[in-house]
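Here, residue 1 is the first one in the sequence, and each next residue gets the next number. What you see below is based on every heavy atom in this structure, not just the backbone, and it leaves out hydrogens, waters and symmetry mates. Owing to the predicted nature of the structure, the values given are computational and were not obtained by experimental measurement. We count ligands from 1, going down the list as the structure has it; atoms in each ligand are counted the same way.
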Amino acid sequence: MKVRIKKSKGFKGTIKITSDKSISHRAVFIASLASGISEIENFLFAEDCITTLKCLEKLGVKLKIRSDKVTVQGKELYNFNEPYSILNAKNSGTTARFLIGILSGQNFFSIIDGDSSLRNRPMKRVVEPLRKMGAWIEGRNNSENLPIAIRGKELKGIKYKLPIPSAQLKSALIFAGLLSKDETEILEPIPSRDHTERLLSYFGAPIKKENGVIKVKGGNIFPSQKISVPGDFSSASFFITSALLIENSEIIIPDVGLNPTRTGFIRVLKRMGANIKINDERLLCNEPVGTISISPSSLIGTSIEQDEIPSLIDEIPLLMLLATQAKGKTTLKGASELRVKESDRLGVMAENLRKMGVEMEEKEDGFIIEGPQRLKGTRVSSRGDHRIAMTMAIAGLIAEGITEIEDFECYKISFPDFYRLLKNWQDE
Ligand code: S3P
């Protein structure tokens, strides 16, 4: 699918953002590990989360789906079934890495595969510590890439310092820790999103965090729960960006997740002079949520350092776009992880922005962009990456002329309502 986007005259209104992708994945994985029937309200029916549901069904998890609610019959940690065929994680890194953690501790054989993007993404970061726990895992390219085969074993707890601040890696180890015969300690030097820890505590599972160390006790069956998933802050960020950059805009986004391990984008935007207000803050199933109000703002450049990266990792393509519109220099460092996401996000964004007339310096782990610069509509590609497709659509709203985006359909991976909501910003 190809879309054509023209310069926007702004939008005023309330936007209902779809549910959080990270929390939807975790809700259904954790409910599958629990004992009894869990109910998940406001589950995100986006392609990645549907992929997780299908893989869990192949592992014998009984699911019932009614409108936006998923009911899950838990497998009490160990009672998953050996899958009859390969588990296809498609485009979803979260699905693949969480599965590797859980299947390492199940007493059967399984194989995980994915699409061409996921087959190129690193898996050894998960495989190595799991082997230390006693797992038998072998995969393509010396176990760096999918397909990966697992012969489940009884796992033992380890003490492990995370070499990279990845929430997918951390969560895979937490899940394996729940299945192990003793205690696992995970030292997290730079914190990444903590939805797994929060949701497991909400379920009453044996997990605690003290001084940057996460401790998980293995072998303890925990009960089912009723969960409601908040709005996705990363999805909201696309329209936060358009409201900041387009005159005559004013938007309100209610019921959106505001977990501080996810909202580094707001902290950076406030430094850049953005007019963002937060109201009605509260906890929903142990997750901070609230209402965000945004209006157009004159932005100034800033520097974004390595420690901030995990809390805004998925918003970096948008920060590149914002940097082109801010006055002065914006620099970002320490984000080489971005090169191993669904696409090489630094490279693809630099290529697309340059096509739109932007002058910028691309670094191995970041960028330097001096603004403000005018964007010219032209033809760009998402390279099959959902966050690039949506960022370029927002770029199209501020560019002169028409922006054509190839391979646009992938927005459905994380934000199936995006295209419908984007039309608010295009007058007839
Ligand atoms: C995610 C963690 C992040 C993020 C991804 C979702 C998660 O990946 O980029 O979109 O749900 O745990 P990494 O853990 O690889 O940094």
Side-chain angles (χ1 to χ4, degrees), residues 18-30 43-44 46-49 51-52 89-102 114 117-118 120-129 144-146 162-175 186 188-200 214 229-230 232-238 257 259 261-265 287 306-319 334-346 348-349 365 384-391 410-411 413-415:
T18 47
S19 301
D20 190 279
K21 174 162 90 78
S22 288
I23 299 175
S24 293
H25 281 297
R26 284 158 173 82
V28 72
F29 270 109
I30 293 172
F43 183 82
L44 175 70
E47 284 175 9
D48 265 10
C49 302
T51 295
T52 283
K90 296 190 179 167
N91 195 246
S92 175
T94 309
T95 310
R97 293 180 177 134
F98 287 12
L99 279 174
I100 298 174
I102 291 173
S117 153
L118 192 57
N120 282 316
R121 296 181 64 188
M123 295 294 153
K124 209 163 200 174
R125 54 182 64 185
V126 188
V127 171
E128 269 176 352
E144 181 60 277
N145 299 116
L146 299 179
L162 295 173
I164 36 170
S166 157
Q168 293 179 358
L169 163 60
K170 171 175 67 175
S171 303
L173 300 182
I174 291 175
F175 291 142
I186 303 164
E188 191 183 25
I190 304 179
S192 59
R193 63 190 68 188
D194 63 357
H195 304 304
T196 305
E197 298 92 303
R198 283 174 181 268
L199 201 53
L200 278 170
I214 301 157
V229 181
D232 194 316
F233 178 77
S234 296
S235 298
S237 299
F238 296 102
N259 181 323
T261 61
R262 287 284 295 281
T263 51
F265 187 58
E287 282 285 346
Q306 185 157 18
D307 282 11
E308 295 182 281
I309 299 297
S311 68
L312 47 75
I313 184 87
D314 291 337
E315 286 65 70
I316 294 173
L318 285 169
L319 284 168
S336 48
E337 262 302 289
L338 229 64
R339 299 204 179 269
V340 292
K341 293 288 178 190
E342 286 83 332
S343 70
D344 166 3
R345 285 187 176 155
L346 286 174
V348 175
M349 275 307 295
D365 66 342
D385 182 328
H386 54 126
R387 296 202 196 278
I388 302 284
M390 294 186 279
T391 303
C410 55
Y411 71 90
I413 294 275
S414 62
F415 191 178

Practice prompt. Using the side-chain contact (heavy atoms from CB on, under 4.5 Å) rule, take Arg262 and Asp20 through it: C-alpha gap first, then chi angles, then the decisive distance, then the call.
Written response: CA-CA 11 Å; Arg262 287 284 295 281; Asp20 190 279; 3.0 Å; yes
Worksheet, complete the sentence: For Ser343 and Val348, the nearest pair of non-hydrogen atoms, with its separation, is OG-CG2, 3.8 Å
Fill in: Interatomic distance, Phe238 atom CZ to Met390 atom CE [nearest 0.5 angstrom]
4.0 Å
Worksheet item: By side chain to side chain contact (heavy atoms under 4.5 Å, CB included), which residues pair with Ala389, not counting sequence neighbours?
Response: Ser382, Phe408, Cys410
Worksheet item: Phe265: what forms a ring pair (Phe, Tyr, Trp, His ring centres under 6.0 Å) with it, not counting sequence neighbours?
Response: none
Practice prompt. Identify, chain by chain and in numerical order, each protein residue with a heavy atom under 4.0 Å from an atom of ligand 1.
Written response: Ser22, Arg26, Thr94, Arg97, Ser166, Ala167, Gln168, Arg193, Ile313, Asp314, Lys341
Item to complete: For Phe98, check ring pair (Phe, Tyr, Trp, His ring centres under 6.0 Å) against everything at least two apart and list the hits.
Response: Phe29, Phe175
